[in-house]
Amino acid sequence: MESKRIVGHYYPICPEPEVTLGTINHSDGTFLTLLLQNNHGGLQVRHQNQWVDVSPVPGAILANIGDLMQLVSNDKFKSAEHRVLARRAGPRVSVACFLFPGATRKTSPYKPIEGLLDEDNPPLYRETSFLEYYGYSLSIGLNGESVLPHFRVSEPK
């Protein structure tokens, strides 16, 4: 990837975590996100319609598939819907590295990879650019809804 953004997250100890959410559920608008987190937990992923805790492993880097990878892989890889819960334990500290198209590729077309398509596996998404994807994502905001359905042209068989 030509471009990356590194972001530090700090979640202080929360005296009332049952009435607070650290980060709303979402998937990342990237190809890949790499995450290093401390040992206080709080990260959850949605698996089979259930929220599952992601237990921190000291020194491990967690890799999350992003929406752009799901789009170009025609759903062979699924972006990871996740959230962060506020906790009494803490503080939670994490560093995320988001991998996405660089400046010269932000207007390039992205679509399902031709080699993954055939009569039984038609394209599930229309062609788009990172700028269009990101612009649409900003227009709807972080609201717990996936951005990908906006670009979907058909349902999987």
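No hydrogens, no waters, no symmetry mates; every other heavy atom, side chains included, goes into these values.
Applying the salt bridge (charged side-chain N to carboxylate O under 4.0 Å, His left out) definition to pairs two or more places apart or across chains, none involves residues 50-60. Applying the salt bridge (charged side-chain N to carboxylate O under 4.0 Å, His left out) test to every pair with at least one member in residues 29-46, sequence neighbours left out, gives these pairs: Arg46-Glu81. Sorted by first and then second residue, the salt bridge (charged side-chain N to carboxylate O under 4.0 Å, His left out) pairs with a member in residues 128-141 read Arg126-Glu132; sequence neighbours excluded. Pairs passing the ring pair (Phe, Tyr, Trp, His ring centres under 6.0 Å) check and including a residue from residues 76-98, sequence neighbours excluded, read His26-His82.
The side-chain contact (heavy atoms from CB on, under 4.5 Å) test applied to Glu145 returns Asn143, not counting sequence neighbours. For Thr33, the side-chain hydrogen bond (donor to acceptor under 3.5 Å, both in side chains) partners are Asp28, Thr30, not counting sequence neighbours. For His40, the ring-ring contact (aromatic ring centres under 6.0 Å, His included) test picks out no residue, with sequence neighbours left out. Looking at residues two or more places apart in sequence or on another chain, you find a side-chain contact (heavy atoms from CB on, under 4.5 Å) between Leu85 and Leu21, Gln44, Arg83. Looking at residues two or more places apart in sequence or on another chain, you find a side-chain contact (heavy atoms from CB on, under 4.5 Å) between Arg88 and Pro17, Glu18. Annotation: ring-ring contact (aromatic ring centres under 6.0 Å, His included) contacts of Tyr110 (sequence neighbours excluded): Phe31.
With hydrophobic clusters built from ILVMFWY side chains whose heavy atoms lie under 4.5 angstrom apart, Tyr134 shares a cluster with Leu148. Criterion: ILVMFWY side-chain heavy atoms under 4.5 Å apart, direct or through other members. Under it, Phe130 and Ile140 are part of a common hydrophobic cluster. Taken together through direct or relayed side-chain contacts under 4.5 Å among Ile, Leu, Val, Met, Phe, Trp and Tyr, Val95 and Leu43 form parts of separate hydrophobic clusters. Cluster annotation: Val147 is connected to Leu138 through the hydrophobic network of ILVMFWY side chains, with a link wherever side-chain heavy atoms come within less than 4.5 Å.
By the 4.5 Å heavy-atom criterion applied to side chains, Lys106 and Phe100 are counted as neighbours. Side chains of Gln37 and Val84 form no contact here, defined as non-hydrogen atoms less than 4.5 Å apart.
Smallest separation of non-hydrogen atoms from Asn74 and Pro112: OD1-CG, 3.4 Å.
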Can you give each donor-acceptor pair under 3.5 Å made by side-chain atoms of residues 5-14, sequence neighbours left out, with the distance rounded to 0.1 Å?
{"unit_1": "His9", "atom_1": "ND1", "unit_2": "Ser94", "atom_2": "OG", "d": "3.4"}
{"unit_1": "Tyr11", "atom_1": "OH", "unit_2": "Thr23", "atom_2": "OG1", "d": "2.7"}

Side-chain donor-acceptor pairs of residues 63-71 under 3.5 Å, sequence neighbours excluded:
{"unit_1": "Asp67", "atom_1": "OD1", "unit_2": "Ser27", "atom_2": "OG", "d": "2.8"}
{"unit_1": "Asp67", "atom_1": "OD1", "unit_2": "Ser79", "atom_2": "OG", "d": "2.8"}
{"unit_1": "Asp67", "atom_1": "OD2", "unit_2": "Ser27", "atom_2": "OG", "d": "3.3"}
{"unit_1": "Asp67", "atom_1": "OD2", "unit_2": "Tyr133", "atom_2": "OH", "d": "2.4"}
{"unit_1": "Gln70", "atom_1": "OE1", "unit_2": "Ser79", "atom_2": "N", "d": "2.8"}
{"unit_1": "Gln70", "atom_1": "OE1", "unit_2": "Ser79", "atom_2": "OG", "d": "2.9"}
{"unit_1": "Gln70", "atom_1": "NE2", "unit_2": "Asp75", "atom_2": "OD1", "d": "2.9"}
{"unit_1": "Gln70", "atom_1": "NE2", "unit_2": "Tyr125", "atom_2": "OH", "d": "3.1"}

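A perpendicular orientation is assigned to the rings of Phe151 and Tyr136, their planes being inclined by more than 60° (bins at 30° and 60°).
For the atom pair CZ of Arg152 and OG of Ser146, the computed distance is 8.5 Å after rounding to the nearest 0.5 Å. A distance of 4.0 Å separates NZ in Lys76 from CG in Asn121, rounded to the nearest 0.5 Å.
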